[in-house]
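When a residue number appears, it is its place in the shown sequence, counting from 1. For ligands, and for the atoms within them, numbers begin at 1 and follow the listed sequence.
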Amino acid sequence: MSKKKHGKGGGKGTGKGTGKATAKRPAPAAAAHPEWDVPPSEALRVPAGFDLAAYDRASTPGFDGDKAAGQALVAHHADELSDLQERLFAEGRSGGSRSVLLVLQGMDTSGKGGIVRHVVGLVDPQGVAHRSFGVPTPEERKHHYLWRVRRALPEPGYIGVFDRSHYEDVLIARVDSLVGPDVWEKRYDEINRFEEKVVASGTTIVKVALLVSYEEQRARLMERLERPDKFWKYNPNDVDSRKKWPAYQEAYQSVLDRTNTEIAPWHVVPADRKWFARLAVSELLLDALRGLDLGWPAADFDVKVEKKRLAAT
Ligand code: AMP
Ligand code: MG
């Protein structure tokens with residue numbers, strides 16, 4: 001299944017990782033990404049002065065291959081992703097404190113679910129803590145907006161996946177005026193402080209904004225209306241959100257301007273080509289895991305003694 005196109009990879013880290021979650025993430029070696037002109041984490045990282053309106057959502061920034069090459073590369077990453085996830089899980093079971101959190105944000109139809117299925121789905125589900133954030137429940141509404149987010153943070157050893165997140169509280173909350181500007185204005189800094197604590201506690205945060213174009217969103221919503229097997233994915237509210245597209249773009253621009261921190265940077269992923277978005281996120285997840293320089297926990301028992309004991313049974 002997985003084509004070994006390039007011999008590098010394997011289970012080892014880049015060798016540059018410091019192992020400290022608070023340290024700046026090492027830039028992955030270019031050699032580890034032969035199909036990428038620019039390493040994906042660099043090509044997709046939000047630069048200062050980023051202009052969301054001008055971003056080409058059908059582009060494949062940094063990647064010099066076609067759909068088939070992209071799909072082959074994702075398949076190729078499966079073994080390494082799975083191996084690193086198991087190392088992370090083993091570390092967590094052995095007293096480690098590290099975890100990874102993939103935050104997926106994007107408009108309806110941007111492909112968040114597809115990323116979970118096709119990228120996160122490459123690793124052992126036992127090590128994944130997945131959470132979708134919808135309209136807050138009556139109970140959640142009684143608490144601070146970060147309450148439900150804190151509770152969903154990955155335990156040590158896990159890869160947490162947020163399908164939507166606390167960013168909804170500066171996106172839909174802002175666009176639909178669920179709270180006043182005095183309230184949502186303060187949230188950007190609050191989110192930055194919150195993420196700082198999460199990172200300090202040992203979680204590597206990978207933030208991904210999946211950017212689908214207005215035209216492609218229409219096509220994908222229309223497909224949901226044309227196929228009985230997709231009706232369940234359609235929500236009449238999706239059209240109402242779509243009508244507020246410019247306000248959402250403005251709110252996303254603010255998120256990228258104000259919460260793109262050194263310790264928890266944003267990545268933008270053009271999402272009109274599903275294969276590219278999946279490839280991009282697989283690379284970002286892989287970079288995060290490689291950056292942890294994960295080994296295998298040493299035995300906390302005497303292997304020789306245990307072998308003898310076992311042999312005697
Ligand atoms: P979906 O991801 O398609 O299942 O839709 C979930 C819906 O819940 C989206 O319309 C989100 O904007 C909405 N949602 C998520 N978080 C919040 C929040 N904190 N406040 C209000 N709506 C939210
Ligand atoms: Mg939806």
Might you list the protein residues in contact with ligand 1, defined as having a heavy atom under 4.0 Å from one of its atoms, sorted by chain and number?
Asp108, Phe133, Gly134, Val135, Pro136, Arg148, Arg164, Glu168, Asp169, Ile172, Leu178
Arg242 charged N/C atom sitting above Tyr214 aromatic ring, 6.0 Å / 45°:
yes
Cation over ring face, Arg187 and Tyr145, 6.0 Å, 45°:
yes
Those residues at least two apart in sequence (or on a different chain) that pass ring-ring contact (aromatic ring centres under 6.0 Å, His included) with Trp266 are Tyr167
Quick one: side-chain hydrogen bond (donor to acceptor under 3.5 Å, both in side chains) pairs with a partner in residues 149-161, sequence neighbours left out?
none
Scan for side-chain hydrogen bond (donor to acceptor under 3.5 Å, both in side chains) pairs involving residues 119-133, sequence neighbours excluded, and state none if there are none.
Asp124-Gln126, Arg131-Glu140
Taking all heavy atoms of Val74 and all of His118, pick out the closest pair and write down the distance.
CG1-O, 4.5 Å
